[in-house]
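In this text, all values refer to a predicted model and were calculated from it rather than measured experimentally. Naming convention: chains lettered A, B, ... in sequence-line order (proteins, then strands); numbering from 1 in each chain.
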Amino acid sequence: MPEVFIDGKRYEYEGDHQLLQFILDQGLEVPFFCYHPSMSIPANCRQCMVKVGQPVKDRESGEYELDENGDRVIRWFPKLQTSCNIKVADGMVVHTQETDELVERAQKDTLEFILANHPLDCPICDQAGECPLQIQTYKYGPEGSRFEVKKVHKPKRVQLGPRVILDAERCINCTRCVRFTDEISETHQLTIVSRGDKNYPTTAPGTEFDDNYSLNTVDICPVGALTSADFRFKARVWEMNQTPSIDITNGKGTNIDLWTRDNLVLRITPRFNEDVNDHWMPDEGREAYRVFNENRVSKPAQNLDGEQVKSSWNNALLTLAEKIEEHDGKEVLFVGSPHASVEENYVLMSVANLLGAKNPVFTPHIEEGYGDGFLLTDDQAPNTNGCRALGLDELSAADLKKEITGAKMVVLLNDQLVDRNVVSAKDIETPFTTVFATNHSETSKVADLVIPITTAAEHAASYVNVDNRAQRTVAAKETKYTNRRLDIEMSEGRLDRYGTSFDNWVTEDNKVDCMPFWNFTSQLADRLGLDLSYDTGRDVMNEISEKVPAFKGVSYSEMDANSGIVLEETSDKTVKS
Amino acid sequence: MSSADWKNYERVLIPDIDGLEKIDVYEENGGYSAFKEVLTDKKKWEGPKSVVDEVKAANIRGRGGAGFNAGLKWSFMPPSDGGPRYLACNGDESEPGTFKDRKIFEYNPHLFIEGALIAAYAMEVTAIYVYIRGEYKVYIDMMEKAVQDAYDKGFIGENIMGSDYSVDFYVHSGAGAYICGEETSMLESLEGKRGYPRVKPPFPAQKGLWGRPTTINNIETLAHVPNVINRGADWFSSIGAENHPGPILYGISGHVNRPGVYELPTGIPVLTLINEVAGGMRNGKELKAVIPGGSSTPIVRADQLDGITMDSDSLREVGTMLGTAGMVVMDEDTDMVDMLWRISHFYHHESCGQCTPCRDGTGWLEKILLRIKNGDGEIKDLDLLLDITTQMEGRTICALADAAAWPVRHTITRFRDEFEARCKKSVHAIA
Ligand SMILES: Cc1cc2nc3c(=O)[nH]c(=O)nc-3n(C[C@H](O)[C@H](O)[C@H](O)COP(=O)(O)O)c2cc1C
Ligand code: SF4
Ligand code: SF4
Ligand code: FES
């Protein structure tokens, strides 16, 4: 097998590798800025310099030539090489900054140049704390500066588009943002203008940077030159907890991170998943952070004499239990939701079965032509295929409307059917309707009973995307009833580990008075004398994987280990009892 | 012909013929016969490769600055796969001190066009581009006319002169960026993109214009080709310096009595060029220094010039290069600090800004030099300048960073006293 020697250590490899990526893949480090694994390689930052040589082969014998000590004779490249754009070759010998002083010096030199005209305004820069320039300067940069002349001044606070703001003085001209619009979003909205140290990226005159994916440039900008108009100045990175999650604004299942502070989600960024979204996400998905904080249903509510009033949990539970007992199981229509998780839909199904009601129904939420073949999909819901795989009965919008208007009692799982024009407010008002909702909507407004449930940011639960991939979220934000230090399903951030209570801001109002659907349902089952009880989404999934053929082998640990699991197509839709 | 004989040299690039820029006059004087011969005389020229071999044997070393054997460069083109292949002719001529290609545009455009056509045939090229610096508006217009005339006469186009060879010829105007003279930057510019030099490899012969095999040659380099075909490789290589042969256009500027472009053999002693060809120093002043081949080539002090001739071997002895043979002559009154600042200002202004060391190094160099020029510099600044050049050299995508660093390094080391005299006596300098 071909081999390469990095800082004296031998590595075997197969296939085609860029040297820098290969080094990173081994868990080693070489500083870099312009290189991005998903885009073309311009080799312009000149930060990733290493010393590279090839062993000399005897032309006739094809054997490596050896020196007097029996070591291979190495022919070194006359100049240092940028590791990002050089291919790993058999026998190659590489010295990084760890073993070569000249390399260390060259990297330091480049950083000195980058910093020469950089404003060094980390204390007021959003990027501080997650800034490759800051990190690499600490690790590899020069101490102090020899730059005593005037810095170049460039445009600041430039609103490039509705969502992205440029500080050209911070820009290090890596061209990542430009390459992003050329190669990934293909809108070609950005270009570098001017020349030399006056260079900076901008749009063509009279146009704006309104690309549907524009905020990705903020993520990949290795400095604070591009910032999010919405997020800038809201929080320091080190004050937030970062929790892996799944985008629930469409069917793609884009992998994301939720950034929380004081139980508010402050921003959403993409998380790498080669098979789903690579490093990217649409701007739209990021806007969804508000859904987790704002307009939340907190505390149950009940319609009394045409007016919704808050009620206690106990009262809500009793009311629902009584209503169910008043009706024959067959008279209750359970409506599942492509906007809710696999676990929630499954629990709904279980209750329906136990009550002898008919199998829950659902209708997909599709907007034809909305998708772009990239990360936006026609499907506006995150779990349509999850509902299908569970075996809920899929109905057209018209048929669902018929079912609802014909029912005596409706239990609706988080789907804003009125808002999305599947049914009218009137349709909902006729039967006794209980809505399990995360957010207030036109639908919850007209319900007889509203039970607040947790969002994807508050529970661990799974979603099956348009490509049949099951992926799960992790609880990122506390409710009135959870505690991040006690709840094992909750993500643990740096602050949880090392912070004091002083660092962990706790504003009680930011905790929503809601509970996971399965917890409420367990209480309801208890009240009704049904055999059903779940603590966590994990419990629910364990049961699903046993009972629903499509989910065989799916578990939280498997999903975590494999960045999601693609469900096998199965014709067997029977749920084992 | 030896370079000692230079007074009897007969010009072949810009001969003294009235109206030679007109295609009829050019033809009357044997023009386009070389091209016709390679296309039609199948006995003498068995095919494209025979032309490449002849040009390789002549050893025309590229006149754009790097001095690479033109025929050898042509031989790097991969075999034709039937798809498009390009010749890009570099008429960007923007290096300070260089103003020779314009003479070819002005006085003998068809010689260049014929040379480009022969080169194109030799490399089985399907289209030729000539990239001319935007400031040469007059020559761009002249060139367009010349190309049109050659089309009208059937020297360019389909099945040229009854052969099965076809080629197109386009004139392209630059827009004021020196960097577009760097060959891969020129390709980007031709493609309508920002003039950022490309990372090599891949080299243009593998992936050039629009990803297709491409060769880039300087205008003067190509203008030598018809004469090599007409008179043979031996004729060419017997002229001037042995390892750097042929006629060459010297562009002499600065403090001489007769600045201008002179066509002569390579290998003429520098002092002969100054004192005899260019009429000696202006106002009888003393010679102080010479920049031999464009502003990026290291400066040479007058006392280093004895016996040094204008060819790469001899100039290497004094640590410099022939470059474009655009020679800048400076007399005793020249202020080296001012001069160096002006050169650094140029490179700062022209860096494309892609590579960190060049983008931020060129500006830093200029600003320190300005400070010294204004009398605010300190002696430690000189060492800093030298450090910065070390940090720039050999660490960038193209050679502009080197071109910016060399003048600083060599002017300071060769005229250190003058720089120190301009600096404040700084505490840092006291040992
Ligand atoms: C910054 C820079 C500017 C250059 N400018 C020119 C130019 O204006 N004209 C030119 O012929 N070559 C220029 N060159 C050299 C070209 O890159 C290339 O080597 C040359 O055109 C090749 O032609 P030749 O082999 O015939 O000399 C420049 C190179 C650099 C690095
Ligand atoms: S704005 Fe950021 S991403 Fe764009 S070129 Fe500058 S540093 Fe790179
Ligand atoms: S060396 Fe300078 S001019 Fe050349 S590519 Fe790099 S930044 Fe541009
Ligand atoms: S990462 Fe290699 S040059 Fe920028």
Side-chain angles (χ1 to χ4, degrees), chain A residues 32-34 40-49 77-82 84-87 102-103 105-118 133 142 145-152 154 171-175 178 182 188 190-201, chain B residues 175-180 193-202 345-372 374 376-378 380-381 383-385 387-398 400-402 404 428:
Chain A
F32 67 96
F33 295 110
C34 67
S40 63
I41 306 176
N44 61 27
C45 75
R46 317 306 287 173
Q47 186 59 53
C48 63
M49 295 272 186
F77 277 83
K79 297 175 184 175
L80 296 182
Q81 299 292 308
T82 43
C84 60
N85 69 332
I86 192 166
K87 285 231 178 333
L102 193 64
V103 173
R105 170 77 209 259
Q107 293 175 359
K108 206 179 283 271
D109 291 347
T110 302
L111 274 162
E112 182 178 35
F113 281 133
I114 292 181
L115 296 169
N117 282 306
H118 192 79
L133 178 58
S145 173
R146 299 183 290 174
F147 191 83
E148 295 175 348
V149 285
K150 215 174 155 196
K151 286 184 194 265
V152 178
K154 299 191 214 179
C171 170
I172 64 166
N173 273 289
C174 70
T175 68
V178 175
D182 282 345
H188 309 280
L190 294 179
T191 184
I192 303 278
V193 295
S194 197
R195 213 151 63 191
D197 56 14
K198 296 180 193 67
N199 273 0
Y200 63 93
Chain B
Y178 164 64
I179 193 57
C180 290
K193 300 185 187 140
R194 194 176 153 78
Y196 268 171
R198 295 179 183 172
V199 177
K200 286 140 273 188
H345 173 71
F346 174 79
Y347 289 107
H348 176 202
H349 190 256
E350 298 299 335
S351 163
C352 83
Q354 216 186 161
C355 318
T356 304
C358 178
R359 179 181 64 244
D360 289 298
T362 50
W364 198 358
L365 290 176
E366 188 204 341
K367 287 172 186 175
I368 299 174
L369 282 163
L370 185 64
R371 178 155 104 158
I372 297 173
N374 291 341
D376 297 326
E378 298 174 16
K380 70 167 177 147
D381 287 340
D383 297 324
L384 179 56
L385 284 170
D387 260 9
I388 296 172
T389 60
T390 310
Q391 293 177 207
M392 293 168 67
E393 283 168 33
R395 301 217 184 135
T396 52
I397 292 173
C398 88
L400 189 141
D402 299 335
H428 303 279

Contact between [X] and [Y] at the side-chain level, heavy atoms closer than 4.5 Å - yes or no?
X      : Y      : value
B:E393 : A:K79  : no
A:V152 : B:K367 : yes
B:E378 : A:E148 : no
B:R395 : A:F113 : no
B:Y196 : A:N44  : no

Rounded distance [0.5 Å steps], [atom1] in [X] versus [atom2] in [Y]:
X      : Y      : atom1 : atom2 : value
B:Q354 : A:C45  : CD    : SG    : 11.0 Å
B:M392 : A:T110 : CE    : OG1   : 11.5 Å
B:D387 : A:E112 : CG    : CD    : 8.0 Å
A:T82  : B:I397 : OG1   : CD1   : 7.5 Å

Identify which of B:P357, B:C355, B:C358, B:G363 forms the greatest number of heavy-atom pairs closer than 4.5 Å to chain A.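 Going by pairs under 4.5 Å, I would pick B:P357.
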Interface moiety of [X] toward chain B, non-hydrogen atoms closer than 4.5 Å:
X      : result
A:K87  : neither
A:F147 : both
A:I86  : neither
A:K198 : side chain

Given a strict heavy-atom distance threshold of 4.5 Å, which part of B:I388 is in contact with chain A: side chain, backbone, both, or neither?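 For B:I388, backbone and side chain are both near chain A.
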Quick check: are there more than 12 heavy atoms from other residues, nucleotides or ligands sitting under 6.0 Å from NE2 of B:H345?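 Enclosed.
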For the NZ atom on B:K200, are there more than 12 heavy atoms of other groups (residues, nucleotides or ligands in this structure) within a distance under 6.0 Å? yes
Restricting to pairs with a member in residues 347-361 of chain B, which pass salt bridge (Lys or Arg N to Asp or Glu O under 4.0 Å), not counting sequence neighbours? A:R195-B:E350
Give a yes or no on whether the backbone of [Y] and the side-chain of [X] come within a donor-acceptor separation of less than 3.5 Å.
X      : Y      : value
B:R194 : A:T191 : no
A:R46  : B:T356 : no
A:N199 : B:C352 : yes

If you count heavy-atom pairs within less than 4.5 Å of chain B, which of [options] leads?
options               : result
A:V149, A:L80, A:I172 : A:V149
A:A116, A:P42, A:A106 : A:A106
A:I192, A:I41, A:T175 : A:I192

